[in-house]
Protein chains: 2
Amino acid sequence: MSRKLYTSKYPIFAVAVDLVVLTIRDGVFSVLLVRRGGDTHAGEWALPGGFVGEQEDLIEAAYRELEEETGVGGERVHLEQLATYGHPDRDPRQRVVSVAHVAVGSGMTEDLVGGSDAVDARWWSVGEALAADLAFDHHEILRDGVERARSRIEYTDLALSFCEERFTLPELQRVYEAIWGRELDTRNFVRKVTRTRDFVRETGEEQRGGRGRPAKVYVAGGATSLVPPMTRD
Amino acid sequence: MSRKLYTSKYPIFAVAVDLVVLTIRDGVFSVLLVRRGGDTHAGEWALPGGFVGEQEDLIEAAYRELEEETGVGGERVHLEQLATYGHPDRDPRQRVVSVAHVAVGSGMTEDLVGGSDAVDARWWSVGEALAADLAFDHHEILRDGVERARSRIEYTDLALSFCEERFTLPELQRVYEAIWGRELDTRNFVRKVTRTRDFVRETGEEQRGGRGRPAKVYVAGGATSLVPPMTRD
DNA sequence: AAAATAGTGTCTCTGAGACATTATTGA
DNA sequence: TCAATAATGTCTCAGAGACACTATTTT
């Protein structure tokens with residue numbers, strides 16, 4: 001990509017979107033990182049992301065980058081803005097402001113594609129990723145994104161975005177346990193998710209094929225908040 | 001301000017900070033709006049704000065704009081990032097991304113100064129401001145900022161930022177009542193603010209001068225979260 | 001003394017957390 | 001039949017919400 005000339009009355013910035021892409025893989029709370037190619041921070045692990053286009057809305061840019069990096073479209077993925085990071089020295093190339101987003105989904109674990117700037121992409125456990133050195137200020141963004149997810153599942157339906165469309169309550173419980181890193185009492189858990197009207201809806205089906213008693217299959221019931229909230233102490 | 005030439009490998013943006021400046025004036029939950037001068041949306045009411053400088057951090061720019069508009073320094077003002085608004089058409093001049101912030105303080109009601117782009121500045125009740133037509137997408141930003149404050153006072157110490165350094169519990173209760181637009185039961189209120197250790201601390205002083213029994217004077221105790229939270233239903 | 005405002009305690013009901021057994025399936 | 005997993009109910013304690021009177025000051 002070559003440089004272009006621009007005029008502006010005000011200081012100019014490049015605007016990027018960076019993505020904290022979260023999922024549960026084999027029961028492990030996981031985040032997608034890419035190894036950077038190109039020039040800046042080459043070889044280091046970073047959050048996927050890229051620059052916002054001339055006529056692109058921020059959330060559109062985030063969806064585009066998500067699809068470029070994971071091959072996953074927007075249907076079954078929850079995407080929300082996290083925060084914006086704009087320290088003057090955060091990118092050595094030029095002044096860059098990054099609007100970070102959190103993406104949550106399931107079934108993204110298969111078709112990873114290297115994006116334009118990425119030479120490699122890989123799922124990390126969130127614990128490992130938080131302990132690693134990441135490019136730019138991505139450690140901070142990751143930390144904030146993980147905390148966002150951990151708090152959002154308390155009182156919203158975000159946990160359902162970690163599940164497939166059809167799921168069982170034990171699966172949903174394992175989502176909470178993976179994200180919070182602690183075990184929940186099954187009876188209290190079921191009481192709470194079934195207390196909020198329209199949070200989950202029974203389908204009448206059962207999920208066979210496991211080793212024990214079949215679990216009932218549920219779908220999201222449409223409620224977007226969980227009241228009273230799940231508690232994580 | 002004249003145009004300058006810049007080069008960039010990526011699409012360029014101007015980055016602004018806009019401020020939802022909230023306070024309680026005479027018991028009324030209020031927000032600061034400015035009437036725009038200059039060219040764009042001239043004469044319309046808007047949130048105070050301005051462009052981020054070449055070497056300026058986002059939060060620094062927000063503090064600078066706040067001081068320019070209100071004459072209030074950062075000591076007794078709480079300032080936090082709200083969200084970033086970047087629709088391609090949100091500013092007709094050029095592509096502008098606005099990083100909105102919420103500012104909360106007390107005693108800002110006196111020394112209003114018109115900022116660079118503002119010909120006039122005035123406190124509005126939040127209700128009136130929400131019902132008004134504002135420039136750009138500032139109605140959306142205002143709505144989000146107000147909702148942020150309304151939810152933050154549930155479980156953080158944000159309500160204390162609406163008070164002077166020394167305050168009474170009836171004053172603090174009126175903060176909650178003004179922001180939520182509903183009355184709270186005094187006995188339940190006092191029970192909750194005094195239950196959280198180090199949320200408020202008695203000074204031993206009394207506030208005389210009112211018409212009735214003097215109220216005890218408190219200061220913030222240092223706790224940043226309120227557990228269990230205040231409830232607003 | 002009258003008016004204004006601050007300060008205080010109890011009861012009931014809902015929800016949180018702790019806890020163990022039965023039910024149903026595949027191997 | 002055994003191993004694995006899912007499903008289910010009760011008790012106790014903490015906190016929420018409703019509720020009214022006394023205390024202290026100024027005028």
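Each chain gets a letter, A, B and so on, in the order the sequences are listed, and its residues count up from 1. Predicted, not measured: the structure shown is a model, and the values here were computed from it.
Salt bridge annotation for A/E60-A/R64: absent, with no cationic side-chain nitrogen under 4.0 angstrom from a carboxylate oxygen. Salt bridge absent: B/K216 and B/E205 never bring a charged side-chain N and a carboxylate O closer than 4.0 Å.
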Tabulate atom names and distances for all N/O pairs under 3.5 angstrom spanning the protein and nucleotides 14-18 of chain D.
from	atom 1	to	atom 2	distance (Å)
D/dA16	OP1	B/K192	NZ	2.6
D/dG17	OP1	B/T231	OG1	3.3
D/dG17	OP2	B/T231	OG1	2.8
D/dG17	N7	B/R191	NH1	3.4
D/dG17	N7	B/R191	NH2	3.1
D/dG17	O6	B/R191	NH2	2.8
D/dA18	N7	B/N188	ND2	3.0
D/dA18	N6	B/N188	OD1	3.0
D/dA18	N6	B/R191	NH2	3.3

Considering only nitrogen or oxygen atoms on both sides, find all protein atoms under 3.5 Å from nucleotides 24-27 of chain D and state each distance.
from	atom 1	to	atom 2	distance (Å)
D/dT24	O2	B/R213	N	3.2
D/dT25	OP1	B/R208	NH2	2.9
D/dT25	O2	B/R211	O	3.2
D/dT26	O4'	B/R211	O	3.2

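Note that CZ of A/R174 and OG1 of A/T168 are 6.0 Å apart. Values are rounded to the nearest 0.5 Å.
Aromatic ring pairs are classed by plane angle as parallel below 30°, tilted from 30° to 60° and perpendicular above 60°; the pair A/W45 and A/W124 is perpendicular. Ring planes of A/Y176 and A/F189: perpendicular class, angle over 60° (limits at 30 and 60°).
For A/E140, the side-chain contact (heavy atoms from CB on, under 4.5 Å) partners are A/Y85, A/D137, A/R143, A/D144, not counting sequence neighbours. Residues satisfying the side chain to side chain donor-acceptor pair (under 3.5 Å) test with B/R232, not counting sequence neighbours, are B/E147, B/E154.
Non-hydrogen atoms lying under 4.0 Å from DNA chain D are contributed by A/P170, all within residues 151-172 of chain A.
Under a 3.5 Å cut-off, the side chain of A/R148 and the backbone N or O of A/L82 do form a donor-acceptor pair.
Counting 5' to 3', DNA chain C first comes under 4.0 angstrom of a heavy atom of chain A and last does so at the ends given by C/dG15 to C/dG26.
For B/E165, the CD atom sits in a loose shell: 12 or fewer heavy atoms of surrounding residues, nucleotides or ligands are nearer than 6.0 Å. A 6.0 Å sphere centred on CZ of A/R197 holds no more than 12 heavy atoms belonging to other residues, nucleotides or ligands.
The shortest heavy-atom contact between B/L58 and A/V97 is CD2-CG2, 4.4 Å.
Between the side chains of B/T224 and B/D157, no donor N or O sits under 3.5 Å from an acceptor N or O.
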